[in-house]
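In this chain, residues are counted from 1 in sequence order. Note that ligands are numbered from 1 as they come in the structure, with each ligand's atoms numbered from 1 the same way.
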Amino acid sequence: MTHDTSPTLIPVPAEWARRAKIDAETYTLKYRQSVDDPHAFWAEELKRIDWIKAPTEISDVSWSKDDLHIRWFADGVLNACYNCVDRHLPARQNDVAIIWEGDDPSMDRKVTYGQLHDEVRRFANVLKDMGVKKGDRVTIYLPMIVEAAYAMLACARIGAVHSVVFGGFSPDSIAGRIEDCRSEWVITANEGLRGGKTIALKHNVDKALEKVSGVKGVLVVRHTRASVAMNVGRDQWYDNVAARVDLECPCEPMQAEDPLFILYTSGSTGKPKGVLHTTGGYLVWASMTHEYVFDYRPGEIYWCTADVGWVTGHTYIVYGPLANGATTLMFEGIPTYPGPDRFWQIIDKHKVEIFYTAPTAIRALERLGDAHVKKHSRKSLRLLGTVGEPINPAAWTWYWDVVGDRRCPVVDTWWQTETGGALITPLPGATDLKPGSASTPMFGIQPDLVDADGKFLKGAASGNLVLKTSWPGQMRTVYGDHQRFIDTYFSTYPGLYFTGDGARRDADGYWWITGRVDDVINVSGHRLGTAEVESALVAHPKVAEAAVVGFPHDIKGQGIYCYVTVNQDVEPDEMLEAELRQWVRDDIGPIASPDAIQFAPALPKTRSGKIMRRILRKIAEGELNNLGDTTTLADPGVVEDLLANRKSA
Ligand code: 6R9
C-alpha cells in the first residue's frame, strides 16, 4: 500500500461546516443536552416521526439483571410503513423513492413514492389474503429486488413482524430461523441473480421446509424466468395473488413497543440470536442517524451497498432513508460484475451523492487498481461512509484519496445489529476526521472502557467497549429468550451494556474500534460465531473435534481457520479437506467457507479439558514466538505438532 498512513487530522471542509445541519458547535451543544437532559432532547427528536398518538413518556429503562427492561416512547402509537411511505404523499408522490439497479447492467427501474405506496399496499393485501395477521412472524428470503423493500414495509403496515434471512444462507440456516421464531409464512423468489449466477432461492426454501414444520404459506416472487416446483396448497406466485387483491389497505396503529422486526445475528455461543427491534424507538433512531450522519436532505441520491439481509440494509437502505423521504438505491449485484468498475459506473449512471459501503469492498477494489475508479468521473459524490468492521488507515486513505478525490468526508460508522443504527461516527459538518477512527459518539450515546474486571479506564486507554445508557434504537430482547439477552449483554459488567468489541480512546477522546474480543469473527463484514462453524464441522461423521478461530485477512478483514481432529480410523487428506469446506458451506452458507483447515491429532487443552483458544489464535495469526504460557496444557507436545503443520492461508 503506497498511501500515507501516518496519523493525520482532516479538518471539516469549510463548505461542509457551512451547509451541514450539525456543525461542530451544534454537535457539542446537542450532545451535552442529549446526555444531561435526555427527556428534553428526545421530546424534540421524536417529532421527526408522525405519531397517531404522540408519546408523553420518553423512556423507562432498567439494565439491572433482575428487572431488565427497555422501553422508549411507550405510550406512543404509530405505523412505521406510514412514516416511510404515506406521509410523503401527496407532495412528493412523483419523487423517486427507490432506484433499483439489477445485476445485469441493462436492468434498472425507478419507483416513485406514489408507486411505492401502491406496491406496498398491494403487497400488504396479498399477505392478508394468505392469512397473515398482526403479530405473525414472516420470514423474508429474497434477493436485492424492490419486492424485498415492499415485503418489509407491507409487514410493518399490517403489524406483522418480519424476519429477513440473507439470501446467502443455507436451507439449514433458514430452517433454524423459521423454527426459532415459529414463523408460519415465507416470502421468497424463484431465483436470485448475483454476478451473473443464479441462486436457487425457492429450492433452498423447499429444502428448509423439509426440516421444519408449521409453515402454512410460501409466497414466490417471479424474478427470473425460471420455473420452479410449487407445492399446491402451500405455495403461491406473488403476481397471481396480486392480480386479485385491491389497493386499499389502511395502516395498522402500533404501540411504540410493538415488535417491528427480528433479525438473527451470530454471537459467541450457541445458535444465532433473534435480535428484536420495536417500532417507535427504532424508527426515531434510524431516521435521526440517517439524517445527521449523511447530512441528508430529500432529493439527494443515496446508495448503501449492503444487503437487506443484514441490519445495515434494514436501517440504511429501507427504514432510515424512506422515513426521511430519501431516494435510496438498491443494487442487486456485486462490485466486480460485469467489470471491476461496476460501483463507480453506477455512481456516475445514477449521480449518486452519498455512498456507504464496507471496508472489505474498499480493500478488494483498491487491489484492482486506481484506473478502474478514475475512468469514471464520480463528480456527483460528496460523502463517503463505511460500516461493518474496522477500516485500516491505508484503506481509509485510499477511499478518501482515490474514490473521493479528497473532497468527500469519510464517515466510519460503528454500530451493531443490536444497536439499530450508528452509535459512534463522525458527522460530516462537525467532526475533524482521523483515518481509521469511528471518532465520536452520536447523540445520547455514552461509551466507556472497562478492563477485564470491569474497572473503568480513564483518559487515553484501550479496553472493552461498553455503553452506559440506553438509546431509542437499542434491541429490546432476544426473541423468545429474554434470559439470553440479559446473559449476553448485561452480565459481564453489571449495569453496563457490553458490546463484545475492544476499543481504544485516544488523547482527543476519539474512539478506535479494534474488533471483537469474544468468539465472534467478522468475515468480510459478516458476523459469524466460531461455535457455529465448529458445530457444523463436528456434525461431519469423520470429525471427532474441531476448534475455529479468526486470523487477519488482507481483504476479508478476518478469515476462518479451523483445527480439525478426525476419528481414529480416518486418514485426513486433501479430499477430506475439500469435503469439509463444502460441508460447512452447505450447513451455514458460502460466507462461512473455511479459509484454512488444519488437521491436528489433538487440540491443546488445559488439564480440565478446556481448549486453549488463545494458543490456536496465535498459531493461526502466525505469532509463533509469542504463544504465552503453555505450562497449563495437559500435553504441551500437542503444540509442536500444531506449529509444524500450520497452514498459511
Ligand atoms: C452494523 C453491523 C457488528 C460488529 C461490531 C464490530 C463490527 C461494525 C464497525 C465495526 C469497527 C466499524 N463493526 N462497524 N468495527 N468499525 N465502523 O455491522 O452490524 O453485523 O451486527 O456487526 O461489526 O465488531 O460489533 P453487525
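Side-chain N or O atoms of Glu532 include one that pairs as donor or acceptor with a backbone N or O of Gly529 at under 3.5 Å. Here the side chain of Ser163 pairs no donor or acceptor atom with the backbone of Leu263 at under 3.5 angstrom. The closest donor-acceptor contact from the side chain of Tyr356 to the backbone of Ala306 lies at 3.5 Å or more, if one exists at all. Panel note: side chain His314, backbone Trp310; a donor-acceptor pair is recorded below 3.5 Å.
By the 6.0 Å and 45° rule, Arg617 does not stack over the aromatic ring of Phe551.
For ligand 1, the protein residues placed under 4.0 Å by at least one non-hydrogen atom are Val311, Thr312, Val387, Gly388, Glu389, Pro390, Asp412, Thr413, Trp414, Trp415, Gln416, Thr417, Asp501, Ile513, Arg516, Asn522, Arg527.
A salt bridge between Lys434 and Asp506 is present, with a side-chain N of the basic residue lying under 4.0 Å from a carboxylate O of the acidic one.
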